[in-house]
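Accompanying notes for the structure given below.
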Amino acid sequence: MTTTTLSPAPADLRRYVDALAPRHGVWIDGQGGPARSGATFAVLDPATGEEITAVSDGDAGDAVAAVDAAERAQAAWAATAPRERSEVLRRAFALMVAATQELAGLMSWENGKPLADSRAEVAYAAEFFRWFAEEAVRTEGEFGPSPAGGTRTVVTHRPVGIAALVTPWNFPAAMATRKIAPALAAGCAVVLKPAAETPLTALAVARILAEAGVPDGVVNVVPTTDPAGVVTAWLQDPRVRKLSFTGSTPVGRRLLAQAAERVVNASMELGGNAPFVVAADADVEAAVAGALVAKLRNGGQACTAANRFYVHEDVVERFTDRLGTAVATLTVGPAFAEGTQIGPVINAKALRGITELVDRALAAGARVSHRSALPDGLTGWFYPPTVLRDVPADAEILRTEIFGPVAPVTTWRDTEELLAAVNDTELGLAAYVWSTDLRWALQTAERIEAGMVGVNRGVVSDPATPFGGVKQSGLGREGAREGIREFQETQYLSIDWS
Ligand code: NAD
């Protein structure tokens, strides 16, 4: 395959990567160092399967060292004036925006997402620093008389303490900043474990924070191929008072059980199974444009990705035809090749999972209505964007998080039946509703069991809004005012006023 390579290309990023790993892969006390064991692991380019670099492979000992550093920093950071914490976060915002090219390149390299997607993610990720810089100075409490008289009550919100953060690979920058920013704003020191697929972005974010003036030990990063070992060390450590996890529901469930042993405060951002509902009166062109974003942002590897399409039977032919035509003409390829709209999926296991899930849907009666072509010569983990029609209502693919560029389309006729199908899931993270009848759209949206609903919109993520799910999609919210509360404890003083 001949391609024009965009800038920054891997060759331009090499020096940047060499500064992050392998000798400097474990970030503790404001500096990078090797893992205690000296072990490293390979970070792979999903577009080729080739090794990008080796990163230090932290273990439980490194995890404890990270908490030691956080402990040394915690009290002073909590006592730092909110305005000062705010200024540090504001500088981090500016530095991250200024480093967009390098960060986007790094993310495209280790995650595979097209450069335009990576740049958009850097902007989104940086915005959490700006948003929480603004929230850091608004953690007001309350003061007032008690109803019975004779006492005054003061209510304050204090940092919960050292927070353990665990992030996935699909948005390596934004999932990190969505946790780090509110934790720092609240006055918490953090220990972060990024996904082994994408440690470089997290390490780059840690460097940016150091440059912004975050004191040593306030942010520590432990990349590892032994997530259970590192996270268990944190959950067993009495100095760790908070767990904030983003990832799959099965792992989240396991970590919640572990957190319960020490009654650790836990926030969970877990899996999704978003329905995309199109009504008979929807603006079909707009719905297709929204569907392309809701389904294919990040190649479908998003917890908010539209996972199942419920299209009213009156418009299903038109909607599927338009969506399918757009999907069939997408350019699939490596992130750095000009024109790439869809990159590879993250690894061989993901590719196998998506392939088998679609094969089983086809065996159950679904058919491929449209599919994009895969260019010759690709060596990485690519799956062609695909639209499926005639998907049986009980098909596994409608119940399972696909996490890939596949759009299964099914139909509906009656609102009550639609809602029964839409709500027949334990994963209530995001949903999308398209209709020009706003009354119907809003009433339907309110009845969907999901934490976030896009109404005539294909994107729900915004740092200023509370991100999170219901049922087994999670506990707690990130972003918005709620985001900082996840890293605070409430204390009240009862004062004799007689
Ligand atoms: P994953 O659960 O496999 O991994 C997430 C993180 O947990 C990674 O850092 C991983 O190393 C770590 N981990 C894995 N096993 C662990 C264990 N036994 N103990 C401790 N840590 C462990 O998920 P993934 O494949 O990286 O990410 C995809 C999933 O994340 C999807 O289900 C997606 O919906 C979900 N997700 C949710 C949100 C959200 O905000 N709700 C955002 C992004 C992704």
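Note: hydrogens, waters and symmetry copies are ignored here, and every other heavy atom, side chains too, is used. If you read the sequence from its start, that first residue is 1, and numbering goes on from there. In each ligand, atom 1 is the first atom listed, and ligand 1 is the first ligand listed.
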Open item on the list: Tell me if the centroids of the rings in Phe93 and Phe129 come within less than 6.0 Å of each other.
Closed with: no

Open item on the list: Suppose we measure from atom 18 (N) of ligand 1 to each protein heavy atom; which comes out shortest, and what is that distance?
Closed with: Arg254 NH1, 3.3 Å

Task: Protein heavy atom at shortest distance from atom 16 (C) of ligand 1 - done: Val251 CG1, 3.5 Å

Open item on the list: Are the side chains of Ile397 and Ile402 in contact, using a 4.5 Å heavy-atom criterion?
Closed with: yes

Task: Heavy-atom nearest neighbour in the protein, as seen from atom 8 (C) of ligand 1, with distance rounded to 0.1 Å - done: Thr167 O, 3.4 Å

TODO: Kindly indicate whether atom 4 (O) of ligand 1 is approached by any protein heavy atom to under 4.0 angstrom.
DONE: no

TODO: For atom 32 (O) of ligand 1, grab the closest protein heavy atom and report residue, atom and distance to one decimal in Å.
DONE: Glu401 OE1, 2.7 Å

Open item on the list: Any salt bridge linking Glu478 with Lys179? Criterion: basic side-chain nitrogen under 4.0 Å from a carboxylate oxygen.
Closed with: yes

Open item on the list: For Met175, which part has a heavy atom under 4.0 Å from ligand 1: side chain, backbone, both, or neither?
Closed with: side chain

Open item on the list: Do Gln472 and Thr249 pair up side chain to side chain, a donor and an acceptor below 3.5 Å, judged on atom types alone?
Closed with: no

Task: Thr249, portion touching ligand 1 at heavy-atom distance under 4.0 Å - done: neither

- [ ] Identify, by atom number and element, the atoms of ligand 1 in contact range of Leu429, meaning under 4.0 Å from any of its heavy atoms.
- [x] 41 (N)

TODO: Quick one: look at Arg178 and ligand 1, take heavy-atom pairs under 4.0 Å, and tell me if it's side chain, backbone, both or neither.
DONE: side chain

Open item on the list: Give me the nearest non-hydrogen protein atom to atom 27 (O) of ligand 1 as residue plus atom name, then the distance to 0.1 Å.
Closed with: Pro168 CB, 3.6 Å

Task: Heavy-atom gap Phe403 to ligand 1 smaller than 4.0 Å - done: yes

Open item on the list: Can you report which non-hydrogen protein atom sits closest to atom 44 (C) of ligand 1, along with the distance?
Closed with: Asn170 ND2, 3.4 Å

TODO: Report yes if some heavy atom in the side chain of Trp131 is under 4.5 Å from a heavy atom in the side chain of Ile484; otherwise report no.
DONE: no

Open item on the list: Under 3.5 Å between any N/O of Thr246 and any N/O of ligand 1: does that happen in this structure?
Closed with: no

Task: Protein heavy atom at shortest distance from atom 11 (O) of ligand 1 - done: Lys193 NZ, 2.9 Å

TODO: Would you indicate whether the side-chain heavy atoms of Val460 and Val453 approach each other to under 4.5 Å?
DONE: no

- [ ] May I ask which of Ala196, Pro227, Ser473, Pro172 has a heavy atom nearer to atom 13 (N) of ligand 1 than the others do?
- [x] Pro227

Task: Part of Phe245 within contact of ligand 1 (heavy atoms, under 4.0 Å) - done: side chain

Open item on the list: Check this for me: does any side-chain nitrogen of one of Arg239 and Asp68 sit under 4.0 Å from a carboxylate oxygen of the other?
Closed with: yes

- [ ] Record the part of Leu255 in heavy-atom contact with ligand 1 below 4.0 Å; permitted values are side chain, backbone, both and neither.
- [x] side chain

Task: Option set Gly229, Ala302, Cys303, criterion heavy-atom distance to atom 38 (C) of ligand 1, minimum - done: Cys303

- [ ] Output all residues satisfying side chain to side chain donor-acceptor pair (under 3.5 Å) with Arg371, sequence neighbours left out; order by chain, then residue number.
- [x] Tyr383, Thr386

Task: Pairing of Asp29 and Arg72 as salt bridge, 4.0 angstrom limit - done: yes

Open item on the list: Looking at Arg485 and Glu482, is any side-chain nitrogen of the basic one under 4.0 Å from a carboxylate oxygen of the acidic one?
Closed with: no

TODO: Check the angle between the aromatic planes of Phe403 and Trp169 and answer parallel, tilted or perpendicular using the 30° and 60° thresholds.
DONE: perpendicular

Open item on the list: Salt bridge or not between Asp424 and Arg399? Use side-chain N to carboxylate O under 4.0 Å.
Closed with: yes

Show me the donor-acceptor pairs, under 3.5 Å and distance only, between side chains in residues 189-207 and residues at least two apart or in other chains.
unit_1, atom_1, unit_2, atom_2, d
Thr201, OG1, Glu110, OE2, 2.4
Arg207, NH2, Ala19, O, 3.0

- [ ] Return yes or no for this condition: an N or O of Leu270 is under 3.5 Å from an N or O of ligand 1.
- [x] yes

Open item on the list: Heavy atom to atom 35 (C) of ligand 1, shortest distance: which of Gly468, Gly474, Gly272, Gly247 holds it?
Closed with: Gly247

Task: Closest protein heavy atom (residue, atom, distance) for atom 23 (O) of ligand 1 - done: Ser248 N, 3.4 Å

